[in-house]
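Because the structure is a prediction, the values reported are computed rather than measured. A, B, ... follow the sequence lines: proteins, then strands. Residue 1 opens every chain. The analysis underlying the following values was restricted to heavy atoms, covering all of them including side chains, and did not include hydrogens, waters or symmetry mates.
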There are 2 protein chains.
Amino acid sequence: MGKTSHISILKNPNLDSSEVAIKNGLSQKRSIILIGHCWVEYNGRARSILEPGERILFIKADGSVLIHRPTGYKPVNWQPSNCYFKISLINDTLIITAIRKKVQESLKIFFDKLFLITVMELVDEGQFYLHVSEKEIQKAILTNPDLLEKAFQPISYEKKIEPGFIDIYGLDKEGKLTVVEIKRGRAGKGAVIQLAKYVDAIRDTASRPVRGILAAPQIMKGVQKMLATLNLDYRKIDLKKCAQTVTFTKATKIQDFF
Amino acid sequence: MGKTSHISILKNPNLDSSEVAIKNGLSQKRSIILIGHCWVEYNGRARSILEPGERILFIKADGSVLIHRPTGYKPVNWQPSNCYFKISLINDTLIITAIRKKVQESLKIFFDKLFLITVMELVDEGQFYLHVSEKEIQKAILTNPDLLEKAFQPISYEKKIEPGFIDIYGLDKEGKLTVVEIKRGRAGKGAVIQLAKYVDAIRDTASRPVRGILAAPQIMKGVQKMLATLNLDYRKIDLKKCAQTVTFTKATKIQDFF
DNA sequence: GCCTAGGTCCCGTGC
DNA sequence: GCACGGGGCCTAGGC
């Protein structure tokens, strides 16, 4: 039995002490990893049987369950989060049952030998970002203007005018002057006001028709209406495609991408 | 350092010995679990950043990678099987890079603290059996066509036509050409569209009347109406009878499933 | 390599 | 609650 500030370990535990350790871990909402020899039955939307073998069982703090074989990206059996557990020890077999209530589904794991039990309390407050920055969206659109709109032609970017900088300035497919305001996340009314300001400024100096486009992956409630009132457009931006464009151009330029 | 016949464990290892253990584990095609404090960068089809926190890194013997946070069914970052690795130790940071060659993608995991390293050789030869899959329903209907409809005669299955594959193709009791689309769960509008697509394709090539049947245990709201509009039929599938049919033919013993 | 389709898909979003 | 679409979907099967 080893112990750190975060982790308790049991090596080659007998099934009795395993039962205790698992029950304690579950009641304390810890994450648990069991490595051992087991077989599995699943009953629910479908049914499955997994014959005996050595696997890794991972029970997370939120009640999700994963059973992993030594190969393959996917767990062979699993249960999504928020399931509850029953632990029992019958005839030298430790039985862990994970039950989902919403969808009537149960997963039964039978262990006859455990090699290692790890019970952890992991502290993980880090944010996860699946994204590209506003600069990268800009770069992606400049590289591949179709990401904004078919046949768009950029003229300049970060163009300085009186009220500030225009993200992208160009011509649409009909040759109309166009101001593009980019937002990385869900665009709100502030973005619309910013765009309207630039469009007005350009219209004043150019004294010819000017289009305004709000480019963002999403817009907030009511923004569509506001845009319509001000006669501005919204173009949905596909962040994934932007990421691909940026990554690709970067990778071809910078050798040591990998 | 503890050791069983299958498993090597390092508790609170320093980064130097971690580097050695991981390199050895990889070269011997073992499965490796790392528990520690890390941050992650992913670059490929999309891009992501995961800020520092305590997680579990799981590298499988086939070169698949999973990074799990303390909650959630899915790994926060991952790499499918067959990727290769680079391990380096720079400025008190252990960097594990997992690279996919087919799709140009890289995953970088940076550890500044490791709590536990587990290196395993898991022996897992057990077979996995999944029942009540779409394939099984298909097999059941082919074996006993009455499960679909009285006097139905299958001609072929997985028949390739222009838009895709027809699950079952046959003749109904009146000898009319029939396309069957099978769904294992509750069939939605997507299934109807799929069916309609195949029926149209067959009608074009056969230039005679063609029936379309959606075969599923249940259908979603509005699907019945959609089918009626498109002049397609629905046949409710009894999963229990399908399972029995397949069980009998395969002579596998799956008692009290239902 | 591309395309097609299934999945115990899971998961978010909108109704 | 149900229905629908997206995912770094993954994976298997054809061509």
Requested in this report: State, yes or no, whether a side-chain contact exists between B:Ile193 and B:Met226 at a heavy-atom distance under 4.5 Å.
Outcome: yes
Requested in this report: Quickly work out the B:Ile193 CD1 to D:dG5 P distance and round it to whole Å.
Outcome: 7 Å
Query - B:Gln153 and B:Pro145, any side-chain heavy atoms less than 4.5 Å apart - result: no
Query raised in the report: Whole-Å distance between C:dG1 C1' and B:Gln104 CD?
Result: 16 Å
Requested in this report: Grab the CD-P distance between B:Glu158 and D:dC15 for me, whole Å please.
Outcome: 11 Å
Query raised in the report: So, A:His68 versus B:Phe58, ring centres under 6.0 angstrom or not?
Result: yes
Requested in this report: Determine the Euclidean distance between corresponding P atoms of C:dA5 and D:dG8; express it in Å to zero decimal places.
Outcome: 22 Å
Report summary line: With sugar-phosphate taken as primed atoms, P, OP1 and OP2 and all else as base, the protein-contact string of nucleotides 3-10 of chain C at under 4.0 Å (heavy atoms; B, S, -) is -SSSBBSB
Report task. May I ask you to test the B:Ile56-A:Leu122 pair for a side-chain heavy-atom distance under 4.5 Å? Result -> yes
Query - Counter-base of D:dG8, judged by Watson-Crick or G-U geometry with both distances under 3.5 Å - result: none
**Report entry** Neighbour count above 12 (heavy atom, 6.0 Å) for B:Asn231 CG
**Finding:** no
Query raised in the report: So B:Phe152 and B:Ile168, side-chain contact (heavy atoms from CB on, under 4.5 Å) or not? Walk me through it.
Result: CA-CA 11 Å; B:Phe152 178 76; B:Ile168 296 180; 3.9 Å; yes
Report summary line: Here the distance between atom C1' of D:dC2 and atom CD of B:Gln224, to the nearest Å, is 18 Å
Query raised in the report: A:Lys102 has an atom NZ; how far is it from atom P of D:dC2, in whole Å?
Result: 10 Å
Report task. Rounded to whole angstrom, note down the P distance from C:dT8 over to C:dT4. Result -> 23 Å
